[in-house]
Amino acid sequence: MFILTVTAIKDAVEDYRRAMLDEEVNTSAATKLGNWRNVNQPRDPRNWLEKLFGLNSPGRITKGVRKLRDREASTNSRVELQRTGNLVSESVADFSSLSLDRGDRGNQLEDIQSIDSHSYPPIVGNNPTQPSTSSSNLVRNTSSATLAASSSGVLDQSKQISDSARWERTLWKKLEVGDVVLLRDNEQVPADIVVLSTSDPDGVCYLETKNLDGETNLKPRRAVNATSRVLTEGDIERSAFVLDSEPPHPNLYLYNGVLRFQDQTSNQLKDEPVTINEILLRGCSIRNTAWVIGLVVFTGKDTKIMLNGGDTPSKQSKIEKETNFNVVVNFVVLLAMCTVSAVLNGVFDSRTGTSAALFEEGSDPSSSNVLNAMVTFAYV
């Protein structure tokens with residue numbers, strides 16, 4: 001009992017430490033698009049018991065997310081999404097600013113949002129050609145030529161939107177399939193993600209995969225061509241496409257999917273292949289790329305890093321495994337001996353006209369042969 005108790009305590013401590021490490025990873029910070037309908041998830045995912053007692057209502061900010069936002073709100077941090085260079089067929093560069101400063105209300109991360117207007121250079125005073133260093137004065141050029149040029153791929157700039165989507169901070173474990181996430185330089189990828197757009201004009205980003213395969217050289221990944229113009233929250237709301245994905249599997253170097261959308265310029269249904277070159281795997285890190293916007297395709301146990309992890313290895317020694325086997329064999333042999341002895345005792349005890357009536361008188365605990373056999377089984 002002492003050995004079993006000490007072993008149980010040791011295993012409990014190891015499991016606790018492992019659980020704490022898992023919790024630390026799962027509660028890491030991530031940025032996703034909020035106030036936006038993820039059509040891949042039910043509007044109310046609660047079970048009947050939670051609905052009955054009104055628990056975990058949809059849209060409710062959990063305690064962990066609130067603690068994360070309050071902690072990061074005091075850092076006075078500011079993030080700017082900027083694509084360098086000019087876009088094809090456009091003479092302006094697009095910007096998206098993510099500001100944590102909310103003026104008189106203080107720094108509240110639940111109010112995290114981007115500037116909704118994007119044109120360059122912005123007008124400063126009476127000089128329309130002088131660029132401004134402040135992204136809060138950017139105004140989108142909504143001319144018909146710009147709309148026609150930008151309504152390509154999955155984007156439809158003429159679509160009316162609610163304009164309520166905002167970037168917000170959350171936890172890794174809160175991400176779900178279909179969420180749109182924002183990754184920045186040197187951040188770890190929280191799930192298996194399809195790259196929609198990047199800060200590079202060519203849609204290229206760089207990935208470090210040493211947590212997966214031990215390689216430290218950077219691997220290039222590309223954004224899906226049809227979504228490469230997605231730069232802001234409004235662009236995401238104006239996008240319409242379907243990603244047909246293969247089921248999860250552990251192969252780190254293979255992925256096949258198809259992005260289906262209706263091209264707004266030609267009004268034709270188009271398909272674009274999605275391969276491993278457009279995928280960011282969980283556990284990798286973004287390098288030399290200012291920002292990446294991606295679509296979550298696999299989370300949790302369905303990610304490739306988890307599928308390759310396997311079960312937790314046993315720390316039992318060889319002699320301990322052999323001892324456990326011997327204990328089991330001994331138990332089976334003893335059980336068989338007790339059963340056979342009890343059956344034979346009941347059979348012989350049921351016989352009449354034997355010497356037991358003279359030499360063993362009063363030795364049976366009862367007059368029932370079955371009960372006597374059970375007593376013999378317990379004693380043996």
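Keep in mind it's a predicted model, so treat the numbers as computed, not measured.
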Problem set entry | Between Thr275 and Glu278: side-chain donor-acceptor atoms closer than 3.5 Å | yes
For this session: Kindly check if the number of other-residue, nucleotide or ligand heavy atoms within 6.0 Å of CD (Glu322) is above 12?
Result: yes
Seminar exercise, completed: Contacts of Lys173 meeting salt bridge (Lys or Arg N to Asp or Glu O under 4.0 Å) (sequence neighbours excluded), chain-then-number -> Glu23
Problem set entry | Under the side-chain hydrogen bond (donor to acceptor under 3.5 Å, both in side chains) test, residues paired with Glu246 that sit two or more places apart | His249
For this session: Consider only side-chain heavy atoms of I, L, V, M, F, W and Y, link residues closer than 4.5 Å, and tell whether Leu295 and Ile276 are in one cluster.
Result: yes
Exercise. Would Phe241 end up clustered with Ile236 when hydrophobic side chains under 4.5 Å apart are linked, directly or stepwise?
Worked result: yes
For this session: Kindly determine whether Arg238 and Ser158 satisfy side-chain hydrogen bond (donor to acceptor under 3.5 Å, both in side chains), including the steps that lead there.
Result: CA-CA 8 Å; Arg238 294 183 179 93; Ser158 62; over 6 Å; no
For this session: Ignoring hydrogens and angles, tell me if any N or O in the side chain of Thr289 forms a donor-acceptor pair with the backbone of Cys205 under 3.5 Å.
Result: no
For this session: Show which residues join Val25 in its hydrophobic cluster (side-chain heavy-atom contacts under 4.5 Å, direct or indirect), or state none.
Result: Trp172
Exercise. Run the side-chain contact (heavy atoms from CB on, under 4.5 Å) check on Asp185 and Trp291 step by step: do they pass?
Worked result: CA-CA 6 Å; Asp185 194 19; Trp291 54 265; over 6 Å; no
Problem set entry | Donor-acceptor side-chain pairing of Glu237 and Ser162 below 3.5 angstrom | yes
For this session: Consider only side-chain heavy atoms of I, L, V, M, F, W and Y, link residues closer than 4.5 Å, and tell whether Leu281 and Ile305 are in one cluster.
Result: yes
For this session: Please tell me if the side chains of Arg260 and Asp244 come closer than 4.5 Å, counting only heavy atoms from C-beta onward.
Result: yes
Exercise. Do the side chains of Arg69 and Ile61 get nearer than 4.5 Å, heavy atoms only?
Worked result: yes
Exercise. When you look at Ser245 and Phe298, which way does the side-chain contact (heavy atoms from CB on, under 4.5 Å) test go after all the steps?
Worked result: CA-CA 10 Å; Ser245 173; Phe298 298 126; 3.6 Å; yes
For this session: Determine whether Val177 and Ile193 fall in the same hydrophobic cluster, where Ile, Leu, Val, Met, Phe, Trp and Tyr are linked whenever their side-chain heavy atoms lie under 4.5 Å apart.
Result: no
Problem set entry | Residue of the set Leu280, Leu259, Leu243 for which side chain to side chain contact (heavy atoms under 4.5 Å, CB included) holds with Val194 | Leu243
Exercise. What residues join Val343 in its hydrophobic cluster, counting side-chain heavy atom gaps under 4.5 Å, either direct or through other members?
Worked result: Val347
Exercise. Under a 4.5 Å side-chain heavy-atom rule over Ile, Leu, Val, Met, Phe, Trp and Tyr, are Val274 and Leu252 clustered together?
Worked result: yes
Problem set entry | salt bridge (Lys or Arg N to Asp or Glu O under 4.0 Å) partners of Glu215, counting only residues at least two apart | Lys219
Exercise. So, Gln262 and Asn267: side-chain donor and acceptor under 3.5 Å apart, yes or no?
Worked result: yes
Problem set entry | Check: Val230 and Leu155 side chains under 4.5 Å, non-hydrogen atoms | yes
Exercise. To the nearest 0.5 Å, what is the distance between CD1 (Ile9) and CG (Asp11)?
Worked result: 10.5 Å
Problem set entry | Verdict with supporting geometry, Asn277 and Arg222, side-chain contact (heavy atoms from CB on, under 4.5 Å) | CA-CA 6 Å; Asn277 294 323; Arg222 299 186 63 87; 5.7 Å; no
Problem set entry | Asp200 and Thr198 side chains, donor-acceptor separation under 3.5 Å | no
Seminar exercise, completed: Excluding Trp48, membership of its hydrophobic cluster (Ile, Leu, Val, Met, Phe, Trp, Tyr; side-chain heavy atoms within less than 4.5 Å) reads Leu49, Leu52, Phe53, Leu55
